[in-house]
Each structure stands twice: as C-alpha cells, then as structure tokens.
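Presented below is the structure to which this report refers.
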Amino acid sequence: MTRYIFITGGVVSSLGKGLASAALGALLQARGYSVRLRKLDPYLNVDPGTMSPTQHGEVYVTDDGAETDLDLGHYERFTGVASRQSDNVTTGRIYQQILAKERRGDYLGRTVQVIPHVTDAIKEFVLNEPEGTDFILCEIGGTVGDIESLPFLEAIRQLGNDLPRGQTAYVHATLVPYIAAAGELKTKPTQHSVKELRSIGIQPDVLLCRSDREIPPHEQRKIALFCNVRESSVIQALDCRSIYEVPLAYHEEGFDREVLDVFGIENPPPADLTRWREIHGRIESPEGTVKIAIVGKYTDLQDAYKSLGEALVHGGLANQVKVELQWIESETFEQPDAVQRLEGVDGILVPGGFGERGAEGKIAAATFARTKNVPYFGICFGMQMAVIEAARNLAGLSGASSTEFGACDDPVVGLMTEWTEGNVLQTRGLDDDKGGTMRLGQYACRLIQGSKVDKVYANGAVNGAADGAVQGHTISERHRHRYEVNINYREALEAVGMRFSGLSPDGALPEIVELEDHPWFIGVQFHPELKSKPFEPHPLFASFIAAAVDQMRLV
Ligand code: GLN
C-alpha cells in the first residue's frame, strides 16, 4: 500500500519546504520505509529549462533527461533515490497535455474545464508509478493563497477522499516571525494561512512552524487551538547551521513520528540516523579550510549553482575540511590584472554557463590556474573555456573559440548537430526550439586507461563513490549542453599536453580533458555535481578538494 504525504507552504516563500520534504523523506527512509518525492510547480512554463537561473535557480537534470526544479536535487541528495521526469510537473506541462488531447478530439465534444480535467491530470501525476513505494511525498510549490496553486490544492483535497481512509496526510509549513519591537513571536500569519487552506477544504494534520527562535509551549498550544491541529502536531522547525542538520533537528522535534501517527502507525521501526549524525559531526569539526573560487556568471544568486555548492561541501566532507566558497563574477577578470584576485585561492572552479558574456574572464581564470599550477575544475562551459584557453595559448590557435559566440577561425567548441541516444540518431538545427532540445540526461563515457580521471573514479569507487559512477572503465554522468568540444582538434591539443581522457563510447564526443603537466586540471562536459551526495561524495569533487588541500599546504 502506498501512502501519500502532501506538503504545502504558507505565509511566505523560501520557507525551506523543499528541504523539509527531503528531510522527511530521509527520516522515513531511516525507519526502513521506501520513499519517492515529487514536486508540483504551479507556474506556466512547461519546465524550468528555459527559465533564467538568476530567477528560478538551478535547473536540476535527471538521468532520464528531464529539466526539473532544484528541489529535486535536495530530494536526491537526501534520499539517494534518483529522480525522474515523472517526479516533477508544472501547470504548463499539465495544460500542454490537456490541450494536445483536446486538439486530438479525445474529449469527444465535452467542455474542457479546470475541474475535473486539470485536477484529474494533476491527480494522475501524483498517483503515477507508485511501484510499491511505502510513501510518496508531494510538495506543492508556491504559497497557499496564490491564484496559480488553486487547481493543485483542489486536486490534493480530492485525493483525500479518492484514496482509502488513512492513506493521505497533509503537512503545512508556515512561518512564525519574531517582531523585535514587540519582543514577541507572532502566530497570526500561521493562523491565517491555515484558515486559507481550510477554506478550500484542506485541514492540515501536521504544522511545521519555521522560526528563528524557540516557540514557547503556550504559543504552540495557541497555534494548535486556532488551527485545529493536535498540540503534538505543531512542530517547531528552527533554523539550522547546515542543511544536513535538518533531518536530525526535525526528528528531535518529532516530525516523522507525528506524520506516521497520522497514518495510524503508532509503533514504527526506530529511525537509524547514524549516517546523518556522522555527516553532521564531520561538518561541525573540520580539520582545516580550503578556499575555492567559483568563477561564473550567475554569482548573485547562489541557488543558480545549488548542486555545485553542495557537491563542494561533499568534497570537503570526504577530506574532513571546510570549503569556503568565493563567488566571483567572471566579467571582472576582463579588466587587466584583475585575475590577480585569484592569488591565494586553493582551487578554481568554472561552472556551467551559457552565452558570451563573461567568457573571456573564464578563459583568463583558466590561464591563471594553468600557469600558476592551481587546481582547476571546469564543468561543461568551464571545460569548453579551458579547451579554448589551451588551443589559443598552448597550441597557438589564436582564432580558437566556440561557435556559441559566432563564427571563428578555429571552432574548438562547436554546435552539436548529431549524436546517438541509445541506438537512435538525434539531430538538431540552429533554429530549433530552445526548450528541451539540448543533449540532456545520462550518457556513458569511456575513460582512457591510465589517465588521471580513470584513477580518480577508481579511487572514488573504493571509497564508496557516487552511485553508478564506475562500471569497469565506463562511467555514466548527466549532461545539459548544446555545444561540444570538437574532436577534430584532439591531435593538436594532445600534442601540447591536453589529454582527451574521456570519450563517448563511439569515440566521437570528447567528454573529459586533463592537463598532463599540472597537479589537477580537469574539464568535464557533464555535470558531476548532480550525482553527488553527502554520504557518497562524487569522486571528482572529493579529488578536487584533496588537490586543493595539497595546494593549501603549499602556500
Ligand atoms: N553553453 C554551453 C553549451 O550549451 C555549456 C552549457 C553548460 O555549461 N551547461 O554547450
């Protein structure tokens, strides 16, 4: 029997609902239950793939090539369960399906309406592929009271009646703010938000009350009374120093126990939180700090590089060090000598990105890392920039660039118009739609025996590296890009010490490059950060941070 937990949010956005959902999933898992997490996003975009990272944060890519909300990254990092396309839906996608059906004539002349057609489609999404999972957790994006989220709330309300009694639970996350002038915590916003939820027919079972300080028992009693929930179901959710402390803190407050109680599970198996305690312990007692510069374009909003920041933390966990991040806008390096700002950092990372703005700054950062022997990790765009740098400054191809920025003499990075997905040839043209047309999702990569990355992955496997990373000498990683390093420049680049150490199985697409004569200089066409987990740090991040630790000792 699959049980469903619906998580809504009230009062304000950015309450940490995604993390709370991920933490609840992890806690249920710690008690031996199987879980799957889903996100329902009320906006009209079909997926976040076309949305600006500075507005919406990172686009999280799944193995099956879906471009999804960044909360799915939290889900996967906290539970280890790989997310899929079928775990994230938006209003746009729902309408796209319904309108396609309408055009096909599937509705046989009936009027197509929000209730029941849109709500039915939402319910279908919630109930799809339960596969015997014990708990499916569905987070509803947005805040209760938004016009956009009404059909989603209506659908989950209906599910409470559609499913047998005792198979659904409603968790509502709210904010209990502290008003400094009055010196008081205020429960009114929570009361109003629950009132709103109840007016559309949903009575929350458990309230997760976010607060920056302890909520005294009498205030908790007041919330219970006015919101019609049990006193024990008012869970105080205080700010934590690290996100990996959240499962431990919420468990202490009885969050998972209360949710299980809603289902009538009174004596659940105890939670084994050993691995969370261990991670928490490591975070609390680092043996040093390494400084990593992230040279990117969306540095104002760190959510734009969510998984990257987390994967670096995981790399730190593997080496028992704290990783201090310096976010640097790459355009600043386009001023003469500005690159000297990188003096004193222990590692430089150039992440994924799109478009020409700031590209020369990233290339300058790669030159700095190469010539000063500072560890360099180029991810996707960061790999492409490292290749342009080597082509220009080592191979003497002064006109080397990427066709993403326009025509050039030496297109060492070019538009990928053909590749194979399974046995199917994919083709793309310049004028194709932007949405969902990149090379997306999991692809195999063959590591060249004896290369540095080959050793990195092999060592990672010994230490319990990211899942599925090593299969003999073939790894599998997630992609999201339109351009590709041009294999025709392999010889010219290898002759000057940039080795093509990972290739697509057919040998046509360069997946990894590395500098032979450098302590740690690796560029990867894929996004390893998407598969890193706190209890299974990705081998590339573990190795990069290890190199940064060596660098720190040198300085
Ligand atoms: N803009 C580059 C491409 O499309 C890199 C994309 C990325 O870094 N994710 O290939």
Going by side-chain hydrogen bond (donor to acceptor under 3.5 Å, both in side chains), Y60 matches just one of E76, H74, E529, R480. Which one?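 Result for side-chain hydrogen bond (donor to acceptor under 3.5 Å, both in side chains) with Y60: E76.
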Donor-acceptor contact present, side-chain [X] to main-chain [Y], <3.5 Å:
| X | Y | answer |
| --- | --- | --- |
| E404 | G355 | yes |
| E245 | R241 | yes |
| D47 | G49 | yes |
| N88 | Q85 | no |
| T133 | F135 | no |
| E67 | V59 | no |
| T91 | L44 | no |
| D205 | Y170 | yes |
| Q167 | T2 | yes |
| R77 | E310 | no |

Could [X] and [Y] be called an ion pair, given the rule that one side-chain N must be under 4.0 Å from one carboxylate O?
| X | Y | value |
| --- | --- | --- |
| D63 | R478 | yes |
| R38 | D87 | yes |
| K362 | E329 | no |
| R84 | E131 | yes |
| R93 | D41 | no |

Test side-chain contact (heavy atoms from CB on, under 4.5 Å) applied to L207 and V194, step by step: CA-CA 9 Å; L207 291 180; V194 172; 3.7 Å; yes
Could you please spell out the steps behind the side-chain contact (heavy atoms from CB on, under 4.5 Å) verdict for I512 and C445? CA-CA 9 Å; I512 308 177; C445 161; 4.0 Å; yes
Decide yes or no on side-chain contact (heavy atoms from CB on, under 4.5 Å) for T79 and L37, but give the supporting numbers first. CA-CA 9 Å; T79 65; L37 287 110; 3.7 Å; yes
Side-chain contact test, heavy atoms from C-beta onward, threshold under 4.5 Å: evaluate it for [X] versus [Y] and give yes or no.
| X | Y | value |
| --- | --- | --- |
| L317 | F535 | no |
| T68 | V61 | no |
| L349 | V295 | no |
| P189 | T174 | no |
| L308 | F541 | yes |
| P375 | F377 | no |
| I98 | V112 | yes |
| I136 | P130 | yes |

Only counting residues at least two apart or in another chain, list the ones meeting side chain to side chain donor-acceptor pair (under 3.5 Å) with R103. none
Across all chains, not counting sequence neighbours, the side chain to side chain donor-acceptor pair (under 3.5 Å) partners of Q203 are R198, N228
Is there a donor-acceptor contact under 3.5 Å linking the side chains of [X] and [Y]?
| X | Y | answer |
| --- | --- | --- |
| Q384 | S402 | no |
| E58 | S307 | yes |
| H56 | D69 | yes |
| Q158 | K123 | yes |
| H172 | S193 | yes |

For [X] and [Y], work out which heavy atoms get closest and say how close.
| X | Y | value |
| --- | --- | --- |
| D303 | L70 | O-CD2, 3.6 Å |
| L153 | I202 | O-CD1, 3.5 Å |
| G142 | P42 | N-CD, 4.4 Å |
| Y250 | A20 | CE2-CB, 3.9 Å |
| P247 | L27 | O-CD2, 3.4 Å |
| R157 | I200 | CD-O, 3.0 Å |

Give me the ring orientation class for H538 and Y457: parallel if the planes are under 30° apart, tilted from 30 to 60°, perpendicular past 60°.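 It falls in the perpendicular class, over 60°.
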Who passes side chain to side chain contact (heavy atoms under 4.5 Å, CB included) against C380, sequence neighbours left out?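 Partners of C380 by the side chain to side chain contact (heavy atoms under 4.5 Å, CB included) criterion, ordered by chain and then number, come out as H481, Q525, H527.
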Rounded to the nearest 0.5 Å, how far does [atom2] of [Y] lie from [atom1] of [X]?
| X | Y | atom1 | atom2 | value |
| --- | --- | --- | --- | --- |
| K322 | I545 | NZ | CD1 | 12.5 Å |
| W276 | H280 | CH2 | NE2 | 12.0 Å |
| L15 | T143 | CG | OG1 | 7.0 Å |
| I122 | I140 | CD1 | CD1 | 8.5 Å |
| N45 | M51 | CG | CE | 4.0 Å |
| E154 | L159 | CD | CG | 10.0 Å |

Check the pair E536, K531 against salt bridge (Lys or Arg N to Asp or Glu O under 4.0 Å), reporting the backbone distance first and the verdict last. CA-CA 9 Å; E536 282 171 25; K531 283 179 67 156; over 6 Å; no
Step by step, work out the salt bridge (Lys or Arg N to Asp or Glu O under 4.0 Å) result for R210 and D239. CA-CA 7 Å; R210 297 277 290 109; D239 297 345; 3.0 Å; yes
Candidate pair R439 and E511, rule salt bridge (Lys or Arg N to Asp or Glu O under 4.0 Å), full reasoning: CA-CA 13 Å; R439 182 176 180 226; E511 298 277 21; 3.0 Å; yes
Centres of the Y244 and F78 rings: under 6.0 Å?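 Yes, the ring of Y244 comes within the 6.0 Å limit of the ring of F78, centre to centre.
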Run the ring-centre check on Y443 versus H479 and record whether the distance is less than 6.0 Å.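 For Y443 and H479, the ring centres are under 6.0 Å apart.
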Does F255 form a side-chain contact (heavy atoms from CB on, under 4.5 Å) with V246? I'd like the steps, not just the answer. CA-CA 11 Å; F255 186 30; V246 171; over 6 Å; no
